[in-house]
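What follows is a single structure, written as structure tokens, with notes after it.
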Amino acid sequence: MSSNPVAETVASLLPRAQAELAELVAFRSVADFDQFPKSESEGAAAWVADALRAEGFQDVALLDTPDGTQSVYGCLPGPEGAKTVLLYAHYDVQPPLDETAWATPPFELTERDGRWYGRGAADCKGGVLMHLLALRALRANGGVPVTVKVIAEGSEEQGTGGLERYAEQHPGLLAADAIVIGDTGNFRVGLPTVTTTLRGMTLVRVQVDTLAGNLHSGQFGGAAPDALAALIRVLDSLRAEDGSTTVDGLAAEGRWAGLAYAEEQFRADAKVLDGVGLIGEGSVADRVWARPAVTVLGIDCPPVVGATPSVQASARALVSLRVPPGVDATEASKLLQAHLEAHTPWGARVRTEQIGQGQPFRADTSSPAYRAMADAMAVAYPGESMQYAGQGGSIPLCNTLARLYPQAEILLIGLSEPEAQIHAVNESVSPEELERLSVAEALFLRNYAAG
């Protein structure tokens, strides 16, 4: 890092940030209250609210959103006539999956091999600390030159849309000239990157029923229709032989024109096992940023341990469909549901239900905010220039904000580079990335104020 005073301040604050991130990671703030206590999410929300108050934010509030979760809001007034910048992160996290598979406990921030491990360390509790570090560095070096609003969402990972609906009901609350979404990541560690497109997504639950109840497989197997087998058939119909997503009526020929993603790099990032091929056709960037992708997230069926010799009467699955910019997620959801229903074999009864959805997003990279961020990143990452990349994931709030505030400039940055392994076991954050991106955000706020 250069001898820039802002950079020096951020570096000096990093030990404090590590301690605070440990406190925030300790909350098991998964916004699925059937699995995790709601009090854990409420505790994390209160932590963020207290942190904003300590930084001088006004009107700090825990917003009760329509999905039963809380988002945290605060406003830090800038000089008279200053521009307004909204900083976004989320404090809810993905479930830890198999906690025994973690090298260290998922809700205890642990330093190992130069990285900090813990659920949410990168996605996106680290984003909360990135915003705090940037603001602290500015306050220590002349002050914050813009009005800053912070919104920390409580259910982003669940896709239940609570903050989106709250924002629509209170359209003035999050209004800003520029919006920094701190929930994406660099293409690789050390390469400053803004995300310019996000795939949208839909979540559909499908249930197949064939019998009034389970039957003995020796007595009835061979003629009795097996609901689990029917479900497997219909799920298999969602992929072509090469693994490409095939939903009837859904276009899947998109091309990515930006930063290339080498197959060797992708294999390393995704930790693909030796000898296992990638799926789909076209470039890797085409497949993960510009085309739809279906994933079976879970299946309800008997586990192997304890299974009985039975023909299954019912089975169900949760299916995710990611869709690129240019595809309407609502229409894609209808096509997915129609496909599942049309491809269910043997006349089995099938029910589909959409349980979550978010539209894709494409940023306007020609705006002044992007020039301000490029200049900031050039200082925070000496010798590197800002890159544009896509992101296969979804941040549904982006489209809500773009629709509510069409003049706002929206930038997406964050700590979720490939080594972070977000949503997987052993999620981690690079403290060097936290440091550099905090510097970049602070300098961006300065540049944007002066522009």
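Basis for what follows: all heavy atoms, side chains included, without hydrogens, waters or symmetry-related copies.
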- prompt: Does the side-chain contact (heavy atoms from CB on, under 4.5 Å) test come out yes or no for Thr202 and Ile355, once each step is laid out?
  reply: CA-CA 8 Å; Thr202 185; Ile355 61 170; over 6 Å; no
Indicate yes or no for a side-chain donor-acceptor contact from [X] to the backbone of [Y] under 3.5 Å, with no hydrogens or angles considered.
X	Y	answer
Asp375	Asn447	no
Asn141	Ala137	yes
Ser438	Leu434	yes
Gln421	Asp269	yes
Lys149	Ala175	yes
Glu427	Asp123	yes
Arg119	Val425	no
Arg287	Gly282	yes
Thr110	Glu108	yes
Glu419	Glu417	no

field: Ionic contact status for Arg139 with Glu55, cut-off 4.0 Å
entry: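 Judged by the 4.0 Å cut-off on N to carboxylate O distance, Glu55 and Arg139 do form a salt bridge.
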- prompt: So, Glu20 and Arg16, do they make that salt bridge, N to O below 4.0 Å?
  reply: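 Between Arg16 and Glu20 there is a salt bridge, with a charged N closer than 4.0 Å to a carboxylate O.
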Hey, does [Y] have a side-chain heavy atom less than 4.5 Å from the side chain of [X]?
X	Y	result
Phe444	Leu411	yes
Leu445	Leu135	yes
Thr245	Leu238	no
Leu203	Gln354	no
Pro66	Tyr166	yes

task: State which residues pass side chain to side chain contact (heavy atoms under 4.5 Å, CB included) with Leu273; sequence neighbours excluded, sorted by chain then number.
output: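 By the side chain to side chain contact (heavy atoms under 4.5 Å, CB included) rule, Leu273 matches Val276.
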message: For a side-chain contact (heavy atoms from CB on, under 4.5 Å) check, start with the C-alpha distance between Glu40 and Phe33, then their side-chain angles and the critical distance, and finish with the verdict.
response: CA-CA 10 Å; Glu40 292 289 313; Phe33 304 138; over 6 Å; no
Those residues that, when tested against [X], pass side chain to side chain donor-acceptor pair (under 3.5 Å) (two or more places apart):
X	value
Asp98	Thr100
Ser314	Asp209
Thr65	Asp67, Thr69

Would you please name every residue forming a salt bridge (charged side-chain N to carboxylate O under 4.0 Å, His left out) with [X], sequence neighbours left out?
X	result
Asp50	Arg53
Glu42	none
Arg199	none

message: Under the criterion side chain to side chain donor-acceptor pair (under 3.5 Å), I'd like the reasoning laid out for Thr196 against Arg362: C-alpha separation, chi angles, the key distance, then a yes or no.
response: CA-CA 6 Å; Thr196 59; Arg362 188 189 304 276; over 6 Å; no
Is there a donor-acceptor contact under 3.5 Å linking the side chains of [X] and [Y]?
X	Y	value
Gln94	Glu157	yes
Thr246	Arg239	no
Glu432	Ser430	yes

What's the spacing between [X] [atom1] and [Y] [atom2] if we round to 0.5 Å?
X	Y	atom1	atom2	result
Asp92	Ser155	CG	OG	6.0 Å
Glu153	Ile395	CD	CD1	9.5 Å
Asp242	Ile279	CG	CD1	8.5 Å

query: If you draw the axis of the six-membered ring of Tyr448, does the NZ or CZ of Lys83 fall within 45° of it and under 6.0 Å from the ring centre?
result: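 Yes; both conditions hold, so Lys83 lies above the ring face of Tyr448.
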Please list every donor-acceptor pair under 3.5 Å in which a side-chain atom of residues 176-188 meets a protein atom from a residue at least two apart or in another chain.
residue, atom, partner, partner atom, Å
Asp177, OD2, Thr84, N, 2.8
Asp183, OD1, His90, NE2, 3.2
Asp183, OD2, His90, NE2, 3.3
Thr184, OG1, Thr195, OG1, 3.3
Thr184, OG1, Leu412, O, 3.4
Thr184, OG1, Ile413, N, 3.3
Thr184, OG1, Ile413, O, 3.2
Asn186, OD1, Thr193, N, 3.0
Asn186, ND2, Tyr381, OH, 3.1
Asn186, ND2, Glu433, OE2, 2.7

field: Pair listing, salt bridge (charged side-chain N to carboxylate O under 4.0 Å, His left out) test, anchored in residues 23-36, at least two apart
entry: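 Sorted result for residues 23-36: Arg28-Glu99.
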- request: Kindly state each residue pair satisfying salt bridge (charged side-chain N to carboxylate O under 4.0 Å, His left out) with at least one member in residues 164-174, sequence neighbours excluded.
  value: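 Pairs touching residues 164-174 that pass the test: Glu168-Arg403.
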- prompt: What about Tyr261 and Trp256, are their ring centers closer than 6.0 Å?
  reply: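 Ring centres of Trp256 and Tyr261 not closer than 6.0 Å.
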field: Trace of the side chain to side chain donor-acceptor pair (under 3.5 Å) decision for Gln18 with Glu111
entry: CA-CA 9 Å; Gln18 181 180 10; Glu111 186 168 2; 3.2 Å; yes
- request: Apply side chain to side chain donor-acceptor pair (under 3.5 Å) to the pair Gln391 and Thr197, showing each step before the final yes or no.
  value: CA-CA 6 Å; Gln391 175 113 321; Thr197 66; over 6 Å; no
Contacts table for residues 124-134: side-chain donor-acceptor under 3.5 angstrom, sequence neighbours left out:
residue, atom, partner, partner atom, Å
Lys125, NZ, Leu24, O, 2.8
Lys125, NZ, Phe27, O, 2.9
Lys125, NZ, Ser29, OG, 3.0
His131, ND1, Glu441, OE1, 3.1
His131, ND1, Glu441, OE2, 2.8
His131, NE2, Tyr88, O, 2.8

- prompt: Would the number of heavy atoms belonging to other residues, nucleotides or ligands and lying under 6.0 Å from CD of Gln407 be above 12?
  reply: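 Counting other residues, nucleotides and ligands, CD of Gln407 stays at 12 neighbours or fewer.
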Run the side-chain donor-acceptor check on residues 363-371: report pairs under 3.5 Å with partners two or more places apart or on a different chain.
residue, atom, partner, partner atom, Å
Asp364, OD1, Ser366, N, 3.1
Asp364, OD1, Ser366, OG, 2.6
Ser367, OG, Asp364, O, 3.4
Ser367, OG, Glu409, OE1, 2.8
Tyr370, OH, Ile410, O, 2.8
Arg371, NH1, Ser366, O, 3.3

message: For Arg291 and Arg255: C-alpha separation, side-chain torsions, deciding distance, then whether side-chain contact (heavy atoms from CB on, under 4.5 Å) applies.
response: CA-CA 8 Å; Arg291 295 182 181 176; Arg255 300 289 178 185; 3.0 Å; yes
